S.K.: 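Below you will find the structure I want to go over with you.
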Amino acid sequence: MIYLDNAATSFPKPSNVYYEVLNCMKNYAANPGRSSHDMSLKASKKIAEARGEIGSLFNIDNPFNIVFTVNATEAINIAIKGIINKGDHVISTVIEHNSVLRPLNYLENQGAEVSLINVDEYGFIKLEELKSKIKQNTKLIVINHGSNVLGTVQNLDEIGSIAKEKGIVFMVDASQTAGVFDIDVKKSNIGLLAFPGHKGLLGPQGTGALYIQDGIDLKEFISGGTGSNSSEMVQPNFLPDKFESGTLNTPGIAGLCEGIKFIRKTGISNIKKQEENLTEYLLQELKKLTTVKIYGLMDSKNRSSVVSINIGNMDSAKVGYILNKNGIAVRTGFHCAPLIHKVIGTEKFGTVRISLGYFNTFDDIEKLIDAIKYLGNN
């Protein structure tokens, strides 16, 4: 199988990720932070190591400001629902994933104000429109760093500067960019950073995290046992315990830790360059095919390795079905980002999404192009 669905979950993973997940399950998969025996202490040490690796990757000084979650969606919900109250105003965009749009819709029904700014045909927001939407009660700006449909990468520094100047919390959904693009929470003035572990960070599914800047107070999301203040019925109010009730996914976090180690050892710039080269080659080959419609930018600059296309008038679902029969895995449809399809005119059938990863090859792309040529001629 040629796997080209890395925007959903990266595959394969570095070998050490598999090894450490199994090693944890076999040798120290006890509850971290709950007991004083050796297995529990080793599990706690691995969790702490993973926080440290995440902190180093995103320039986060205090690892306790990193809360582990089961995915980016949970992290986003903790952040958005935790900070916004009735009467508060939130600014986001039409290119967002449903993991942002649905919580905002829920909060709007609870009395919050929501403004969704437009993007151009390439997926970029207009900073002047962003500025024009800011109100006195604007509390949060939520931006998808990299589009999971068009691959468009927004300029975090510029948006973060606007948010800082106006005293607004800046939240970033880094689901498509964490592990591939440099993200510095200080440099970009990011107050809340949500990301999954199973995509660009090369960890297992069931992992993710939320960074919460000092001074940002979020409401409780889930209450329960944390291993701390166990004699009290009140949920701890300190991080990360406030949002880490119940047993953490220690084997998953152990694997995530190894994924991030691989990224840091390989060099995030080298990973980005590899994906850029693959994306550029894919785009250049696709542009030669008259039956293919490419959405978004036509080169690899200011974009991730996500490329959406359609072939003639074929339903994207049919294209995906045929490619799968030929041993090529892509994703088709609306990709949980419904509003952007109205912008690019694909609200009927969605798109065929090709998402490359570090472990893909030029040969993978050539085989995909051959399959697309065949589809376009039949």
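All residue numbers refer to positions in the sequence shown, counting from 1. Since we're looking at a predicted model, the values are computed, not measured. Heavy atoms only: backbone and side chains are in, while hydrogens, waters and symmetry mates are out.
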S.K.: Pairs of donor and acceptor atoms involving the side chains of residues 97-106, under 3.5 Å and at least two apart or interchain, shall be tabulated with distances.
M.R.:
from  : atom 1 : to    : atom 2 : distance (Å)
His97 : ND1    : Ser99 : N      : 2.9
His97 : ND1    : Ser99 : OG     : 3.1

S.K.: Apply the side-chain contact (heavy atoms from CB on, under 4.5 Å) test between Leu283 and each candidate in Ile365, Val307, Leu297; give the one that qualifies.
M.R.: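 Running side-chain contact (heavy atoms from CB on, under 4.5 Å) over Ile365, Val307, Leu297 with Leu283 returns exactly one hit, Val307.
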
S.K.: Could you check whether any side-chain heavy atom of Tyr122 comes within less than 4.5 Å of a side-chain heavy atom of Asn302, counting everything from C-beta outward?
M.R.: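 No, every pair of side-chain atoms sits at 4.5 Å or beyond.
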
S.K.: Quick check: closest heavy atoms across Ile47 and Phe68, and the distance to 0.1 Å?
M.R.: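 The answer is CG2-CE1, 3.8 Å.
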
S.K.: Under 3.5 Å, side chain of Gln176 to main-chain N/O of Ala7, donor-acceptor pair present?
M.R.: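 Pair found, side chain donor or acceptor close to backbone of Ala7.
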
S.K.: Which pairs pass salt bridge (charged side-chain N to carboxylate O under 4.0 Å, His left out) with one or both residues in residues 242-251, sequence neighbours excluded?
M.R.: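 Only Arg51-Glu244, Asp217-Lys242 qualify under salt bridge (charged side-chain N to carboxylate O under 4.0 Å, His left out).
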
S.K.: Just to verify, what does Ala174 make a side-chain contact (heavy atoms from CB on, under 4.5 Å) with, not counting sequence neighbours?
M.R.: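 So Ala174 forms a side-chain contact (heavy atoms from CB on, under 4.5 Å) with Val172, Thr177, Ala178, Ile183, Leu193, Phe195.
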
S.K.: A side-chain contact here means heavy atoms from C-beta on lying under 4.5 Å apart; do Ile369 and Leu282 qualify?
M.R.: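 Yes, at least one pair of side-chain atoms sits under 4.5 Å.
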
S.K.: For atom CE of Met39, decide whether the heavy atoms of other residues, nucleotides or ligands shown that lie under 6.0 angstrom number more than 12.
M.R.: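 Yes, because the 6.0 Å sphere around CE of Met39 holds more than 12 heavy atoms from other groups.
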
S.K.: Side chain of Arg331, backbone of Ser355: donor and acceptor closer than 3.5 Å?
M.R.: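 Side chain of Arg331 to backbone of Ser355, a donor-acceptor pair under 3.5 Å: no, none is there.
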
S.K.: Would you say the side chain of Leu116 lies within less than 4.5 Å of the side chain of Thr93, judging by non-hydrogen atoms?
M.R.: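 When only atoms from C-beta onward are counted, Leu116 and Thr93 do not touch, as no gap falls below 4.5 Å.
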
S.K.: Kindly work out whether a path of hydrophobic side-chain contacts (I/L/V/M/F/W/Y, heavy atoms less than 4.5 Å apart) joins Ile91 to Ile190.
M.R.: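 Yes, Ile91 connects to Ile190 through the hydrophobic network.
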
S.K.: Has Ser92 got a side-chain atom pairing as donor or acceptor with Val142's backbone, closer than 3.5 angstrom?
M.R.: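 Yes, the answer is positive, given that a donor and an acceptor are paired below the 3.5 Å cut-off.
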
S.K.: Take atom NZ in Lys287; do more than 12 heavy atoms of anything else shown fall under 6.0 Å from it?
M.R.: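 Result for NZ/Lys287: enclosed.
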
S.K.: Heavy atoms, side chains only, cut-off 4.5 Å: are Met314 and Ile322 in contact?
M.R.: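 Yes, at least one pair of side-chain atoms sits under 4.5 Å.
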
S.K.: Checking Ile143 against Leu130 for the side-chain contact (heavy atoms from CB on, under 4.5 Å) test, could you report, in this order, the C-alpha distance in whole Å, the side-chain angles of both residues, the deciding distance, and whether it holds?
M.R.: CA-CA 11 Å; Ile143 297 293; Leu130 171 62; 5.5 Å; no

S.K.: Identify each donor-acceptor pair in which a side-chain atom of residues 158-166 lies under 3.5 Å from a protein atom, sequence neighbours left out, and give them as a table.
M.R.:
none

S.K.: Is Lys42 salt-bridged to Asp38, going by a charged N under 4.0 Å from an acidic O?
M.R.: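 No, this pair does not count.
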
S.K.: Between Glu276 (side chain) and Ser300 (backbone), is there a donor-acceptor pair under 3.5 Å?
M.R.: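 No; zero donor-acceptor contacts below 3.5 Å.
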
S.K.: Strictly distance-based, threshold 3.5 Å: is any side-chain N or O of Asn77 a donor or acceptor partner for the main-chain N or O of Thr73?
M.R.: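 Here the side-chain-to-backbone pair exists.
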
S.K.: Roughly how far, to the nearest 0.5 Å, is the CG atom of Asp173 from the CD1 atom of Ile95?
M.R.: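 It comes to 11.5 Å.
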
S.K.: Just verifying a value: how many Å separate Phe359 CZ and Ser10 OG, rounded to the nearest 0.5 Å?
M.R.: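 Answer for the CZ-OG pair, Phe359 versus Ser10, is 8.5 Å.
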
S.K.: Restricting to salt bridge (Lys or Arg N to Asp or Glu O under 4.0 Å), what partner residues turn up for Asp5, sequence neighbours left out?
M.R.: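 Checked Asp5 against salt bridge (Lys or Arg N to Asp or Glu O under 4.0 Å); matches are Arg353.
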
S.K.: Run the numbers on Tyr295 and Asn310 for side-chain hydrogen bond (donor to acceptor under 3.5 Å, both in side chains), then give the verdict.
M.R.: CA-CA 8 Å; Tyr295 301 95; Asn310 274 314; 3.0 Å; yes

S.K.: Can you sort out the partners of Ser245 under side-chain hydrogen bond (donor to acceptor under 3.5 Å, both in side chains), two or more places apart, ordered by chain and number?
M.R.: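 Testing Ser245 for side-chain hydrogen bond (donor to acceptor under 3.5 Å, both in side chains), a comparison that skips the adjacent residues, returns Gln235.
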
S.K.: If we count only N and O atoms by modelled type, under 3.5 Å, do the side chains of Asn6 and Asn360 hold a donor and an acceptor together?
M.R.: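 Yes.
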
S.K.: Listed by chain and number, what are the side-chain contact (heavy atoms from CB on, under 4.5 Å) partners of Ala72, not counting sequence neighbours?
M.R.: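 Applying side-chain contact (heavy atoms from CB on, under 4.5 Å) to Ala72 gives Ser175, Pro196.
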
S.K.: Atom CZ of Phe243 and atom OG of Ser223: how far apart are they, to the nearest 0.5 Å?
M.R.: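 If we round to the nearest 0.5 Å, Phe243:CZ and Ser223:OG are 9.5 Å apart.
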
S.K.: According to salt bridge (charged side-chain N to carboxylate O under 4.0 Å, His left out), does anything in residues 67-91 pair up with another residue at least two apart or in another chain? List the pairs.
M.R.: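 Every pair satisfying salt bridge (charged side-chain N to carboxylate O under 4.0 Å, His left out) with a residue in residues 67-91: Asp88-Lys139.
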
S.K.: Quick one: OG1 on Thr279 to NZ on Lys272, what's the gap to the nearest 0.5 Å?
M.R.: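 Taking OG1 in Thr279 and NZ in Lys272, the distance rounds to 9.5 Å.
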
S.K.: Which residues pass the side-chain contact (heavy atoms from CB on, under 4.5 Å) test with Asn277, sequence neighbours left out?
M.R.: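 Partners of Asn277 under the side-chain contact (heavy atoms from CB on, under 4.5 Å) test: Lys273, Phe362.
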
S.K.: Please determine whether residues Leu150 and Val306 belong to a single hydrophobic cluster, defined as Ile, Leu, Val, Met, Phe, Trp and Tyr linked transitively by side-chain heavy-atom distances below 4.5 Å.
M.R.: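 No, Leu150 does not connect to Val306 through the hydrophobic network.
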
S.K.: I'd like to know if Leu107 and Leu339 are part of one continuous hydrophobic network [Ile/Leu/Val/Met/Phe/Trp/Tyr, side-chain heavy atoms within less than 4.5 Å].
M.R.: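 Same cluster.
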
S.K.: Give the intermediate values and the outcome of salt bridge (charged side-chain N to carboxylate O under 4.0 Å, His left out) for residues Lys261 and Glu49.
M.R.: CA-CA 10 Å; Lys261 285 182 183 178; Glu49 183 183 1; 2.5 Å; yes

S.K.: May I ask you to test the Phe181-Ser304 pair for a side-chain heavy-atom distance under 4.5 Å?
M.R.: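 Phe181 reaches Ser304 side chain to side chain.
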
S.K.: For the CD1 atom of Ile78 and the CD1 atom of Ile222, what is their distance to the nearest 0.5 Å?
M.R.: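 One gets 6.5 Å once the value is rounded to the nearest 0.5 Å.
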
S.K.: Anything under 3.5 Å between a donor and an acceptor, one on a side chain of residues 208-216, the other on a protein residue two or more places apart or in another chain? List them.
M.R.:
from   : atom 1 : to    : atom 2 : distance (Å)
Asp214 : OD1    : Asn65 : ND2    : 3.0

S.K.: Donor-acceptor pair, distance only, cut-off 3.5 Å: does the side chain of Asn137 make one with the backbone of Gly87?
M.R.: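 Yes; judged by distance alone, with no hydrogens or angles, the pair exists.
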
S.K.: With no hydrogens and no angle check, just 3.5 Å: does a side-chain donor-acceptor pair link Asp364 and Tyr3?
M.R.: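 The answer is no; no qualifying pair exists.
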
S.K.: Are side-chain N/O atoms of Tyr281 and Glu366 paired as donor and acceptor at under 3.5 Å?
M.R.: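 Judged by distance alone, the side chains do pair up.
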
S.K.: Check whether His335 reaches the backbone of Gly333 with its side chain - one donor and one acceptor, N or O, closer than 3.5 Å.
M.R.: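 Yes; at least one donor-acceptor contact below 3.5 Å.
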
S.K.: Near Phe11 CZ, under 6.0 Å, is it more than 12 heavy atoms from other residues, nucleotides or ligands?
M.R.: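 It does not: Phe11 CZ has 12 such atoms or fewer within range.
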
S.K.: Before giving the answer on side-chain contact (heavy atoms from CB on, under 4.5 Å), spell out for Ile66 and Phe58 the whole-Å C-alpha distance, their side-chain angles and the decisive distance to 0.1 Å.
M.R.: CA-CA 11 Å; Ile66 299 162; Phe58 299 120; over 6 Å; no

S.K.: Can a donor-acceptor pair be found between the side chains of Asn85 and Lys219 at a distance below 3.5 Å?
M.R.: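 The criterion, which ignores hydrogens and geometry beyond distance, is satisfied for Lys219 and Asn85.
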
S.K.: Do Val17 and Pro204 have side chains that approach each other closer than 4.5 Å (heavy atoms only, starting at C-beta)?
M.R.: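 SC-SC contact between Val17 and Pro204 confirmed.
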
S.K.: What about Ile294 and Leu278, same hydrophobic cluster or not, with Ile/Leu/Val/Met/Phe/Trp/Tyr joined at side-chain heavy-atom distances under 4.5 Å?
M.R.: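 Shared cluster, yes.
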
S.K.: Would you say that Thr351 contacts His341 through its side chain, given a criterion of any heavy-atom pair below 4.5 Å between the two side chains?
M.R.: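 The answer is yes; the side chains approach within 4.5 Å.
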
S.K.: Going by salt bridge (charged side-chain N to carboxylate O under 4.0 Å, His left out), name the pairs with one or both residues in residues 294-306, residues two or more places apart or in two chains.
M.R.: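 Sorted result for residues 294-306: empty, none.
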
S.K.: Measure the spacing between CD1 of Ile260 and CG of Leu201 and express it to the nearest 0.5 Å.
M.R.: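 So the gap between those two atoms works out to 5.0 Å.
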
S.K.: Among residues two or more places apart or on two chains, list those pairs meeting salt bridge (charged side-chain N to carboxylate O under 4.0 Å, His left out) that have a residue in residues 184-213.
M.R.: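 Matches after skipping sequence neighbours: Asp61-Lys186, Asp157-Lys187.
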
S.K.: Answer whether the closest heavy-atom distance between the side chains of Ser115 and His89 falls below 4.5 Å.
M.R.: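 Side chain of Ser115 against side chain of His89, heavy atoms only: contact under 4.5 Å found.
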
S.K.: For the hydrophobic clusters of this structure (ILVMFWY residues joined by side-chain heavy atoms under 4.5 Å, transitively), does one cluster hold both Val70 and Leu248?
M.R.: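 No, Val70 and Leu248 fall in different hydrophobic clusters.
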
